[in-house]
Amino acid sequence: MNPSLIIVSNRLPVSVKKTDGVLEFFPSIGGLATGLSSYATDKRNKWIGWPGIASEDVTEKEKQLIATELLKYNCYPVFLTHKQLEDFYNGYSNSILWPLFHHTPIASTAHKQQAAYWKAYRKVNAAFADAVLALSTKGNRIWVHDYQLLLLPALLRQERPNDKIGFFLHIPFPAAEVFSELAEGPALLAGMLGADLVCFHTNGYVNNFLGACQHYDIGIIGKKEIALQQRVVRVTDFPMGIDYDRWVRATKSRAVKAELAKWKRKYRGQKVILTVDRLDPTKGLVERAAAYKEFLVQNPQLRGKVVMSMLAVPSRTDIDEYKRLRNRLETLIEDVNATFGNAYWKPIDYMYRSMPFEQLAALYQRADVAFIVPLRDGMNLVAKEFLAVQQNTSGILVLSKTAGAAEELKDAIVVDPTRRSTLVRGLGKALAMPEQELKDRVSNMQDLLSTSTIHVWAGTFVKSLKKSGQELRTVRVRTLSPVHQRAITASFRAADTRMIFLDYDGVLVPFSDNPAKCKPSKELLTQLKKLASLANLTIVSGRSKADLTEWLGDLPVTLIAEHGAFVRTAGKKRWQTTPTNLGWKQHALRPLEKYAALTPGAFVEEKESALVWHYRKAKTYYAQKYLVALKRALKPIAKTYNLSVQQGNMILEVRPKGIDKGNAVLNLLNSNSEFILAIGDDATDEDMFATLPASAYTIKVGRGRTLARYRAKNTNEVLALIKKLH
Ligand code: GDG
């Protein structure tokens with residue numbers, strides 16, 4: 001039996017509104033619900049999202065009612081407050097990500113609010129993560145949708161390291177140079193890379209995404225994949241299709257035929273140029289109306305014989321930018337109608353509303369030209385729907401080269417939406433196209449649309465998700481070069497919030513047989529102090545509390561002793577302890593002491609939370625011989641008492657499982673951090689590298705296998721890097 005599928009999107013396929021105190025449920029507009037219907041109706045699956053109403057606008061009782069009603073559709077609501085909708089949805093999602101991902105400018109008013117918006121975005125993504133974790137179980141497949149939830153895959157990955165998580169972006173992914181304008185870029189990439197499968201509509205977006213990862217030096221980029229330290233993320237294009245049969249069936253339905261008759265009456269004797277879009281800056285509606293105006297100027301003979309039927313669906317009406325756009329568009333339309341129109345002819349038939357399905361299908365049929373020229377568009381399903389209904393009718397498509405659909409619909413008249421002259425020419429070509437050529441082109445495109453349907457899209461995604469996440473590879477670690485150092489420094493400077501985790505021995509001071517030599521120099525203390533004034537600095541060590549307090553106790557840094565058994569937060573004097581049962585110690589001590597006695601130079605150090613077998617000063621021959629025997633002897637004890645036996649730099653350390661640098665760092669990790677750097681040198685630091693997000697800069701000092709992204713030669717290189725940071 002297939003495991004359950006959890007679908008997560010900002011909006012649920014069923015929305016709620018309250019009119020005069022009565023709750024009404026209605027399907028949300030868009031193809032996604034149709035595409036996923038076969039999954040969404042299966043009782044084992046769940047769809048999690050916002051139901052379309054702010055939490056303040058409903059009582060607790062109504063929330064329960066909504067949840068009960070939605071359950072009939074296997075939908076589960078995540079309620080969001082007005083403030084969250086303002087900052088997360090209108091703010092970060094629609095005023096920052098949406099324009100930037102469509103290569104259009106971010107309004108200066110939005111820029112000013114970016115920090116607050118980002119905070120809300122992170123919080124809402126975390127709220128979605130909580131909902132998904134509460135409503136799913138380990139082993140479920142999770143499919144996350146779209147730009148509102150870019151952080152969600154990584155948030156889920158932290159809790160579900162082995163679940164199959166997929167992500168689909170419905171809008172374009174911008175070019176790396178545009179994406180890198182976004183201060184939160186690395187965090188967003190790390191969020192998406194929490195998935196096993198990251199998908200886009202087109203190959204162009206795949207390449208842009210890989211380019212952005214390359215820009216930030218994340219992972220090893222392969223063909224349609226990114227190898228991270230422990231996982232390989234598949235990055236591929238799955239162009240979304242439409243429910244082709246539904247649109248073809250519609251042309252035969254009585255309701256659509258009746259609507260078609262109405263449109264025919266309305267537009268009698270005219271060539272209809274159709275545009276259907278949400279009223280959105282990226283859809284280029286003003287540019288379209290302006291091009292049409294120019295077309296009328298250049299083709300006076302067609303005045304009175306053509307009409308632009310413009311359906312502008314209200315969208316994001318709370319955002320100022322959208323209000324301004326509506327004004328500009330309507331002013332231009334009035335101008336065109338006043339300049340060219342007369343009592344018998346209105347050049348632009350403008351409809352600011354949404355339309356029932358049957359009416360829309362009939363309008364598509366009546367149109368002679370679909371003028372679908374968004375400035376940039378993830379895919380554009382309207383273009384595909386228009387083509388699907390051309391069964392006994394002969395409409396042709398003019399399409400932007402910057403709409404995702406253009407990668408598939410090669411037989412459309414493809415134009416550059418930023419150049420008015422090509423738009424005008426495109427319209428002319430469409431209206432003059434010989435009937436046979438037009439029919440051939442449309443039929444070619446219909447062949448593709450009838451096979452690459454939305455059901456195929458969803459099925460392929462789910463199948464690929466099933467297969468993903470199985471490969472594990474060892475990734476090449478790069479030597480920390482001056483170029484990498486510069487990238488790290490630049491990213492440090494650009495970030496507002498920074499976290500740095502440094503191991504002590506082997507990272508800040510070289511190893512030495514003489515413990516006195518391990519004391520930090522004055523110079524090192526000064527450097528650390530400077531660094532701590534710029535970043536949240538933590539020293540993550542295996543050393544005892546006493547050593548760390550004596551050497552580093554006066555610095556404004558957080559100290560982690562004995563690999564996380566003890567933590568002293570910056571600015572505080574008290575150490576906090578992770579409570580553990582120490583009954584295991586006496587059992588482990590026996591073999592440790594036995595083999596220390598057999599190995600000249602080896603000795604046992606008893607820490608509060610751990611036992612350490614040191615063999616730095618032992619003769620190699622004996623050390624190696626008895627290390628193997630010791631490990632064997634410790635195995636059953638470790639199993640009984642749930643201990644970890646870990647080899648470090650010339651040490652073997654035994655301590656309770658769960659006390660490790662990974663968990664220690666995880667407890668301190670602040671999801672706000674825009675910059676994370678961790679430097680370590682031995683196996684205990686690998687836990688730390690494994691825990692940190694893919695965007696973190698991780699550096700291993702010295703040789704040996706590692707999960708870190710970079711390798712530094714020695715402590716001198718570490719100190720040089722630290723100096724560069726401040
Ligand atoms: C995003 C991406 C990507 C529209 N008005 C009415 C209506 N619609 C339906 C259409 C179509 C859908 O809404 C619009 O889809 P688009 O693809 O054109 O555009 P976005 O809303 O911007 O969607 C886009 C898409 O996600 C999918 O991944 O293609 O690039 O921006 O299905 O038919 N339906 C009805 N009345 C309307 O007035 N019934």
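Read the numbers this way: they start at 1 and go in the same order the structure lists the ligands and their atoms. Any value given below was found using the heavy atoms of this structure, including those in side chains, with hydrogens, waters and symmetry copies removed. Everything numeric in this text was worked out from a predicted model, so none of it was measured.
At a 3.5 angstrom cut-off on N or O pairs, H102 does not count as close to ligand 1. Distances between N or O atoms of F168 and those of ligand 1 include no value under 3.5 Å. Annotation: P356 places no N or O atom under 3.5 Å from an N or O atom of ligand 1; distance criterion only. Between S354 and ligand 1, no N or O atom pair is found at a separation short of 3.5 Å.
For ligand 1, the atoms sitting less than 4.0 Å from at least one non-hydrogen atom of F357 are 39 (N), numbered in the order shown with element in parentheses. Atoms of ligand 1 found under 4.0 Å from any heavy atom of G378 (numbered from 1 in listed order, with element): 30 (O). For ligand 1, the atoms lying closer than 4.0 Å to a non-hydrogen atom of V382 are 18 (O). In summary, the atoms of ligand 1 found under 4.0 Å from a heavy atom of M240, numbered by their order in the structure, are 27 (C), 28 (O).
Heavy-atom neighbours of K224 NZ from other residues, nucleotides or ligands within 6.0 Å: above the threshold of 12. Residue-environment remark: CZ (R254) stays at or below the threshold of 12 foreign heavy atoms within 6.0 Å.
The residues D335 and K293 are annotated as salt-bridged, a charged nitrogen and a carboxylate oxygen being separated by less than 4.0 angstrom.
The side chain to side chain donor-acceptor pair (under 3.5 Å) check on E321 picks up R324, with sequence neighbours excluded.
When Q359, R353, M355 are ranked by how near their heavy atoms come to atom 37 (C) of ligand 1, first place goes to M355. For atom 19 (O) of ligand 1, the candidate residues are E358, K283, E385; the nearest heavy-atom contact is made by K283. Considering L360, D377, D277 only, the shortest heavy-atom separation from atom 6 (C) of ligand 1 involves L360.
Between the side chains of E184 and Y92, at least one donor N or O sits under 3.5 Å from an acceptor N or O.
Each of F173, W457, F238 was scored for a ring pair (Phe, Tyr, Trp, His ring centres under 6.0 Å) with F168, with one residue passing: W457. Put simply, the residue from R141, K164, K467, R157 that forms a salt bridge (charged side-chain N to carboxylate O under 4.0 Å, His left out) with D196 is R157.
Between L387 and L409 there is a side-chain heavy-atom pair separated by less than 4.5 Å.
Residue-level proximity to ligand 1 for L381 is carried by backbone and side chain together, each with a heavy atom below 4.0 angstrom. Only the side chain of W98 comes within 4.0 Å of ligand 1, counting heavy atoms alone; its backbone N, CA, C and O stay farther away. Under 4.0 Å from ligand 1, the heavy atoms of V313 that appear belong solely to its side chain.
Each side-chain hydrogen bond (donor to acceptor under 3.5 Å, both in side chains) pair with one or both residues in residues 272-289, not counting sequence neighbours, appears once here: W98-D280, D277-R288, R278-D280, R278-S315, D280-T282, D280-R316, D280-Y322, K283-D377.
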